[in-house]
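Worksheet: the structure to be examined is printed underneath.
This one's a predicted model, so the numbers in the text were calculated from it and none came from an experiment.
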Amino acid sequence: MAENLVCRLVWRYKLYILLMGAIIFGTQIFLAYKSLNLSLVTSIENTLAEDVKQMNGALALQHLTQHQNSASDDEDSSNLTAQGKRLPSANKAKTDISPTSLLSAQQLSFKPNCDIIAKEAISALQRAKTKDCRQHIASVVCAIQAGEFYASHLPTHCPKGNHTANNQLGCYRDEKEFRLLSGYFINFKTTNTPKNCVQLCLQSGFPYAGVEYSRECFCGTDAPPSTAKLPDSSCSMKCSGDTHEVCGGYYAINIYETGIAKFAAQIAETSMKPDAERVRIAFLLTLNGRALRQVHRLLKALYDPQHVYYIHVDKRQDYLYRNLIELETQFPNTRLARTRFSTIWGGASLLTMLMKCMEDLLSSTYQWDFVINLSESDFPVKKLEKLVDFLTANRDRNFVKSHGRETQRFIQKQGLDKTFVECDTHMWRVGDRQLPKGIQIDGGSDWVALSRPFVEYVITQKANDILLKGLITIFRHTLLPAESFFHTVLRNSLFCHTYVDNNLHVTNWKRKLGCKCQYKHVVDWCGCSPNDFKPEDWSRLQNTENKMLFFARKFEPIINQAVLTKLEEWLYGPYPDGFKNLHAYWQSFYHWEDMNSKTDDLILTMAESLARRLLRQWYLKVQKIIELNHYLYSDQYKGYLIRFETLDPASNITYEVETRVRPVQYSKVAKNSKFAKRLKDFEISSEFDQKEQIARNFAKFLGPYTDLILTFTFSGAGSNKDISHSYNLTLLWIDPLGRLQDFNEIHIEDAQTDNINFSKALLKQPLAPGIWTAKLIGRTAVYAQIKFLIVPLAFHQAQPVTDDRARIFNGGSGLTLSSEFTIPQEWLQHLPSAVERENLKKLALHNSLRTGSELYEWIDEMVSKFHHIRETCAVNAEATKLATAALQSLPLCTETSWSSLAADPKRDISLLNR
């Protein structure tokens, strides 16, 4: 009977038993797979480690760096998002090598002064590219490890009244709902002592600190009431950080003075005295990029002969410097800095540059009372005379913007408790640090308005004043140092009573867009940056009218010029009727006098090809490419302009010509797909700006060393919520040989508003030149596809490419996907057949061997399909009169509306002195 019962139970739960058996079997297979995979990874690690040991000097370091960079790229791309980041794929194995055993003198190319143990420092040394940079990092790290770098304590000179550091006031009764010290709280589980709590509260700017319940630390601004005083015996709990000391009790708190007085920022005056002497301002313009016309526009808005305009142009920006140096001969109150720095976002060099410029201003003969730093992205929101009135009413005060949050949170967010070293145009994080005791830490914005007496103190006393020397050492190894240095000096110096919490700016912060870690390639940190103003942000600018705000940022006319025009007309009245080219904007992106960069080889290849094609009809040859400009009208990209020289061999006369070109890509979407009909702006580009949601490669110059991205807009569902759902898509990257080079899994969530999506390809470089295809596919259909051109290179370092290099640059680098990767069956229908791929392979091999005139013919043939010449003009009227009939028929560039030489009175500063 028992056996029958068992049989019946087995039969009844047959499916359950089978399911459990399957789960157990599957688990065993999975564990076996993981074990094998782990063994494989271990084998790879051992092999790579052995390889590294066998390599010499910098080669070993370079090998590891490349490996880690590749692994880092995979890690950054491992999560699927609406922007099309890659899902993890088995074909891209990632290996993690412990770095601690690799830092030998042979591998670093020098012997460090110490055994470097900090993990961040080791990582930085492995990734740094040059020996000088590695030596700089090592010297800083060794000095820190020896305790010889940072001061452990710094003095504060701000008047503290009758407050005494570490003065114990006694034991007080505390309440859960009404804390005696309510400014800040932290739970020191194992490190709480009165000394540690006092230091933290002092650093955060609180005059009082309290320890309670053994491990709790409280900070506050107000003294405890005498009515809450308790006998000392009520505070009897041992401190979590030192059992020999007492840290309060149960709702009983030991309160101490931190040694500083309660701080309150000054309230700015809003009106000046009638007989007050009006201040003079030194505008310190720190410029980068190539937006020359915008700089001129800014100077027009700011200029007055009574003030000073001191301009620092980034050392790498020759174009801007060459064009602005001419201002010195026109305007005696304008000068360009001769000592120039190559600054990077968030870099310590920014502070060094500001201080050097301030030193130059102090040593000059210019008379000024305030220095205000601005960039090409700033623009006034009030007339200059209102700013002068305001600063006159607040003479000798200093305007900085504080962070407005808990100081400890600000320190962590900014990485102030980390050491950074700047070299190789990168900020390397090399380890944690303890900020000096005895001082308050403050910061917020790097845009300031500082009085001359304060600037004189910072610049003239920096070599002798202990506080300044210590802070300069700290902030020369700090991320975003200009956002904290002047604030911290003010809070701890005799100038603390001049602190006004206002940087005179309104800033267009859109945190969801501006905090995308877009600067991680130049800083070992995740920073945030404000967005450009656009017409939809107009209300924020209007709201400054009755506030003590005089500037706004950021503005970029290449992103949007309409908001700038609206702002100018709001301040100065409407532009007159018939004003020329009010809505046009030009911005240079190449000039023959510039220092050569890697992108210039691609630009020259493209420009010469198009100029060659244009001149072929007139039997002329290209003499020199002079300049390329982007051209926009009403904030719509209208193409790029190529200005170049040609020589007439018959007359030996040089002619200058400019032509407008429109880039095109060939895209199509499925006609019968509701999803595909909602796709807009489907294009391939590079240099995607996540903050502004735009690809900055406007000209669509794509070459063998370009990092490709696809961008598209997916229009929202609108009011029809019935069709709202999510989409899982795949993007296929197919090269000119018909090979699948990469793929991205893209997940799109339907929305009521338009979404800009981007997807980055991770491809081996050099890319195979020729016509590529990107296909956006679903399970069964192609929703959209686009054909785009990767241009072969005809130049290397601005010189015609040699035959050997041409074959390297233009031969491609083989497959990106692992040979072990099996293409899913459903994708094969979207790829060329085997026969077609074989033919494409033969053609690509033939093309990769082209050099000289054959290479130019190949380039010209492809470029003409994707870049269309629209119109052409003649630069020099007198020379053109002697030219061939075809050239004589060209319009003069100055008489067109589109040429970079056309009238643009928006930026005309020639009449300012009059």
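Classification of D369 and R280 as a salt-bridged pair fails, no side-chain N sitting under 4.0 Å from a carboxylate O. Using a 4.0 Å cut-off between a side-chain N of Lys or Arg and a carboxylate O of Asp or Glu, R127 and D524 qualify as a salt bridge. Electrostatic pairing of E376 and K554 does not count as a salt bridge here, judged by no charged N lying under 4.0 Å from a carboxylate O. Between D432 and K418 there is a salt bridge, with a side-chain nitrogen of the basic residue lying less than 4.0 Å from a carboxylate oxygen of the acidic one. By the 4.0 Å N-to-carboxylate-O rule, R433 lies too far from D417 to be salt-bridged with it. Using a 4.0 Å cut-off between charged side-chain N and carboxylate O, R452 and E456 make a salt bridge.
Between the CD atom in E483 and the CG atom in L351 there is a gap of 11.5 Å [rounded to 0.5 Å]. Atom CG of residue L504 and atom NZ of residue K547 lie 14.0 Å apart, to the nearest 0.5 angstrom. How far OH of Y250 is from OG of S234: 14.0 Å, rounded to the nearest 0.5 Å.
A distance below 2.5 Å between sulfur gamma atoms is not met by C247 and C235. Sulfur-sulfur distance for C197 and C217: below 2.5 Å, consistent with a disulfide. By the SG-distance test at 2.5 Å, no disulfide connects C515 to C526.
Side chains of T407 and Y184: no donor on one and acceptor on the other come within 3.5 Å. If you check the side chains of S484 and Q414, you find no donor sitting under 3.5 Å from an acceptor. Donor-acceptor pairing under 3.5 Å is lacking for the side chains of Q440 and Q203. A donor-acceptor pair shorter than 3.5 Å cannot be found between the side chains of D442 and T488. Of the N and O atoms on the side chains of T193 and D242, not one donor lies less than 3.5 Å from an acceptor on the other residue.
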If you apply the rule side-chain contact (heavy atoms from CB on, under 4.5 Å), what do you find for E257 with N166, and how did you get there?
CA-CA 5 Å; E257 289 180 335; N166 298 303; over 6 Å; no

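Distance alone, capped at 3.5 Å, is enough to place a donor-acceptor pair between the S214 side chain and the K238 backbone.
Here the side chains of I253 and V211 are not in contact, with every heavy-atom distance at 4.5 Å or above.
At least one test fails for R134 against the ring of F110: distance under 6.0 Å to the centre or angle within 45° of the axis.
F399 has its ring centre less than 6.0 Å from the ring centre of F390.
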